[in-house]
There are 2 protein chains.
Amino acid sequence: MTTIRDVAKRAGVSVTAASYALNDTGTIGDATRKRVLEAAEELNYHPNAFARHLKNRQTLTIGVFISRFGGSFYEEVLEGIHSVILDTDYELLVCPESRSTRRMLLHRQVDGAIVFDSKIPDESILKLASRRFPIVLLDRALQNDFVLPLLLDNAQGVREAFRHLYEQGFHKLAFVAGAADSFDSAERMETFFAEAESHQLTVDVYQGNFTEISGYETAKAIIYEHTLPEAVFCANDQMAIGFLRAMREHDLSAPKDIAVVGFDDIPLSRYTQPQVSTIGTSRFEWGASAAHQLIDFLENETPFQPQRIPTHFLPRESSTQKQVVQEKP
Amino acid sequence: MTTIRDVAKRAGVSVTAASYALNDTGTIGDATRKRVLEAAEELNYHPNAFARHLKNRQTLTIGVFISRFGGSFYEEVLEGIHSVILDTDYELLVCPESRSTRRMLLHRQVDGAIVFDSKIPDESILKLASRRFPIVLLDRALQNDFVLPLLLDNAQGVREAFRHLYEQGFHKLAFVAGAADSFDSAERMETFFAEAESHQLTVDVYQGNFTEISGYETAKAIIYEHTLPEAVFCANDQMAIGFLRAMREHDLSAPKDIAVVGFDDIPLSRYTQPQVSTIGTSRFEWGASAAHQLIDFLENETPFQPQRIPTHFLPRESSTQKQVVQEKP
DNA sequence: TCAAAAAAGTGAAACGTTTCACTTGATAAA
DNA sequence: TTTATCAAGTGAAACGTTTCACTTTTTTGA
């Protein structure tokens, strides 16, 4: 490994001069600078990031902590984050969950974090966050000066979906919840309940866990009960898709026998048969927003602006009677 | 930030003793060790990763360099990598393409790399790789003692697909290539050509770029020509899906008018109408293999074992005449 | 022409670890 | 009792940067 010392020697200057030349800081003559840069080139020199970070107490890196890669859900969020980072001096690191995640966070290997992993406990977040280490949360409603929750406006989309179901006369309702520790699932359920209540309706609840199979199994369970609901709201699309699969196996069809609504608008949702009514949001914008606020905080100490990411209901075949709403795949 | 110095002071021992106690190295008495660990706990001490790495010249981290997050293609590969890393002491960092990628690579912030980003030039790879910095390549056939290509066995799948088409009597063939700089596209094309040649057939080639739209437009172009091919092989599924979309718009149906085959077996491919015949592979295993070999090299200097990831043809509706092969979605 | 100011460059400390070479005191062996 | 061995612990150097405080040289302005 060639160090700045080697470069300095080759250029015949002090280490300081070499550092100044390489970083374009300090005061250094043009001739010297050139000589240093040439030497660096010739020696194929690249500064040791660790030494630099150790000295600077800054990494110019932001970390994204997700629980796993799968689910095709994070993808667009990550792309949004990436798109913002590309225009800055920052680098982007994505770290999937594991004991090492905590280590990374704790060891301050990044200047700030975007967290999308509900397995990281609230206390950790609160303990870690500081002016020097701001954190943006995409998965829970926790907040202080250095912790910014950036959440979906679940209520908006759910209300639209409820109205859509209600106005078509679906009044016997069920709700399939997602993972028990999920903030989003809880909020979606709350809203759905509140709406139902204000229309003097009740809702049967089933506990799922966001997977396709849990939707499938919930549907089976419901079908084996004596009375079917008229409409079921699943806390995400994967469960809705599983639900529909089970219905198909029992020769039930949506929306004729049960209307089905999901959440997320994953790509698949418009390719199934029937297409899944769902609630969409711009995940790309979501990620971009998060990155934006984080960078702004880091660079200019711009205070965090809590904000909700808009969502909107997308009526499709699985919950729409009569004239079929056909979207081109 | 609390440092090891603070911990040592609080425990009333030297910095060395503290370090030994914390890392379980050196010789240190039980009583002292306990005192140090307590002090660390009380002060909420976490070692500074940069200082440590600087000293150790080791990061216990492997980096994955991809061009972008989108495409739902990397996802499973990443999961495979992750699954292996979880069982080791290593951490996983994923870094999307940008000027910073090069920086990261160059600055040795990781102990080894898995590269899936054809924008990184061959020379960079060769220049960087060394016993101390092994690199696994998922996107090109470059090799030496410290550079391991782990590629799909494109030939295998393509041959199966060719046979499937040939035996059904599709003898007028076309090939839609992917991005011009893609190794995989080139290899798929080569194999397809070789097969055709050995059966005294010729193939019309069209240049696509792996996107859905390029498949769509190629189809348009072909349809406007006077004679349609009997079968078209697209270098990936997205193009095949685009191709089918264009066919539908012209009231052509697969395989009746043109049989269509893709590559990759992306989730969507079995949800389209008709379902896309394609060539599948276990991307999860692919990632796992890469991680495995890299870790093995790092820990035990186990020499790299070049190997091809098996692929297999999956006949589906878009290329199968008569009895329809129906897979459950 | 001379003092003052600016430009160009230097040496050494510091960032927070780990670890080598060493000291101290106790225990065991002769 | 003396010496050798061992366990427990210490001080300081080293990792590769950046930057502060300083020196030397050149330029400027009167």
Side-chain angles (χ1 to χ4, degrees), chain A residues 1-40 43-61 89 103-104 106-111 132-133, chain B residues 1-40 43-61 89 103-104 106-111 132-133:
Chain A
M1 276 285 74
T2 119
T3 76
I4 200 173
R5 202 154 260 114
D6 304 322
V7 174
K9 188 175 296 174
R10 172 147 196 150
V13 298
S14 70
V15 171
T16 309
S19 176
Y20 285 161
L22 290 165
N23 297 303
D24 224 351
T25 55
T27 55
I28 210 81
D30 284 347
T32 321
R33 189 203 321 286
K34 185 172 291 179
R35 230 162 352 110
V36 170
L37 295 179
E38 279 169 10
L43 296 174
N44 192 24
Y45 165 77
H46 296 283
N48 178 304
F50 298 120
R52 174 176 281 178
H53 296 335
L54 175 57
K55 186 69 176 130
N56 291 349
R57 295 122 157 271
Q58 220 215 99
T59 64
L60 283 182
T61 302
D89 286 335
R103 230 161 61 194
M104 279 220 78
L106 292 168
H107 296 192
R108 286 279 195 293
Q109 297 187 35
V110 292
D111 291 350
R132 314 261 323 143
F133 192 68
Chain B
M1 279 286 73
T2 118
T3 77
I4 200 175
R5 202 154 261 114
D6 304 322
V7 174
K9 189 175 296 176
R10 174 149 196 147
V13 298
S14 70
V15 171
T16 308
S19 176
Y20 285 161
L22 290 165
N23 296 304
D24 224 351
T25 54
T27 55
I28 209 82
D30 283 348
T32 321
R33 189 203 321 288
K34 184 173 288 181
R35 235 167 343 114
V36 171
L37 294 179
E38 279 170 11
L43 295 174
N44 191 25
Y45 165 77
H46 297 284
N48 178 305
F50 297 120
R52 173 175 283 179
H53 296 334
L54 176 57
K55 187 70 175 125
N56 291 349
R57 295 121 157 271
Q58 220 217 103
T59 64
L60 282 183
T61 302
D89 285 336
R103 232 163 58 196
M104 282 219 78
L106 294 169
H107 297 193
R108 288 280 195 293
Q109 296 188 34
V110 293
D111 290 350
R132 314 261 322 141
F133 192 68

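Within every chain, numbering begins at 1; the chains are lettered A, B, ... in the order of the sequence lines, protein sequences first and strands thereafter. Computed over heavy atoms, backbone and side chain alike; hydrogens, waters and symmetry mates excluded. Fair warning: this is a prediction, and the values are worked out from it, not measured in the lab.
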Checklist entry - Could you state the NZ-C1' distance from A:K55 to D:dT17, rounded to the nearest angstrom? => result 8 Å
Item to check | Distance test, side-chain N/O of B:R5 to OP1/OP2 of C:dG16, below 4.0 Å | outcome: no
Next on the checklist: Expressed as a whole number of angstroms, how long is the span from B:K34:NZ to D:dA8:P?
Outcome noted: 15 Å
Checklist entry - Rounded to the nearest 0.5 Å, how far apart are CZ of A:R52 and CG of A:N23? => result 5.0 Å
Next on the checklist: Taking 4.0 Å as the cut-off, does a side-chain nitrogen or oxygen of B:R52 come that near to OP1 or OP2 on C:dG16?
Outcome noted: no
Item to check | Given DNA chain D, 5'-ward residue of the pair A:A51 and B:D30, judged by closest heavy atom | outcome: B:D30
Next on the checklist: Base, sugar-phosphate or nothing for B:R57? Non-hydrogen atoms, less than 4.0 Å.
Outcome noted: sugar-phosphate
Checklist entry - Less than 4.5 Å apart, any side-chain heavy atom of B:N48 and any of B:M1? => result no
Next on the checklist: Is there, by distance only and without an angle test, a donor paired with an acceptor across the side chain of B:S14 and the base of D:dG11 below 3.5 Å?
Outcome noted: no
Checklist entry - Taking OP1 and OP2 of D:dT17, is either one under 4.0 Å from a side-chain nitrogen or oxygen of A:Y45? => result yes
Next on the checklist: Can you tell me if A:N23 touches the phosphate of D:dT18, counting only side-chain N or O atoms and a distance under 4.0 Å to OP1 or OP2?
Outcome noted: yes
Next on the checklist: Without decimals, in angstroms, what is the distance between B:H53 NE2 and C:dC15 C1'?
Outcome noted: 15 Å
Checklist entry - Which nucleotide, D:dT18, C:dC20, D:dC15, lies nearest any side-chain atom of A:V15? => result D:dT18
Checklist entry - Looking at A:D6 and A:K9, does any basic side-chain N land under 4.0 Å from a carboxylate oxygen? => result no
Next on the checklist: What contact category does B:S19 fall into here, base, sugar-phosphate, or nothing, at under 4.0 angstrom with non-hydrogen atoms?
Outcome noted: base
Checklist entry - Roughly how many Å is it from CG in B:D6 to C1' in C:dT17, rounded to a whole number? => result 13 Å
Next on the checklist: Rounded to the nearest 0.5 Å, what separates atom CZ in A:R132 from atom CG in A:D111?
Outcome noted: 7.5 Å
Checklist entry - Which part of the nucleic acid does B:T25 contact within heavy-atom distance under 4.0 Å: base, sugar-phosphate only, or nothing? => result nothing
Item to check | Nearest-Å distance for atom pair CD1/P, residues A:I4 and D:dT19 | outcome: 11 Å
Next on the checklist: Any base atoms under 4.0 Å from A:T27, or only sugar-phosphate, or nothing? Heavy atoms, all strands.
Outcome noted: base
Item to check | Base D:dT17 paired with A:T3 side chain (donor-acceptor, <3.5 Å) | outcome: no
Item to check | Interatomic spacing from CD1 in A:I4 to CG in A:L43 - rounded to 0.5 Å | outcome: 12.0 Å
Checklist entry - Rounded to whole angstrom units, what separation is found between the CG atom of A:L54 and the P atom of C:dT18? => result 12 Å
Checklist entry - To the nearest Å, how far apart are B:N48 CG and D:dG16 C1'? => result 14 Å
Checklist outcome for this item: So NE2 of A:H53 and CG of A:L60: to nearest 0.5 Å the spacing works out to 7.5 Å
Checklist entry - Of all the choices, C:dC20, C:dG16, D:dA21, which nucleotide is nearest to the side chain of A:Y20 once you look at every atom? => result D:dA21
Next on the checklist: Using whole Å, what does the distance between atom P of nucleotide D:dT17 and atom CE of A:M1 come to?
Outcome noted: 9 Å
Checklist entry - So what does B:I28 touch, heavy atoms closer than 4.0 Å: a base, only the sugar-phosphate, or nothing? => result sugar-phosphate
Checklist entry - Taking OP1 and OP2 of D:dG9, is either one under 4.0 Å from a side-chain nitrogen or oxygen of B:T32? => result yes
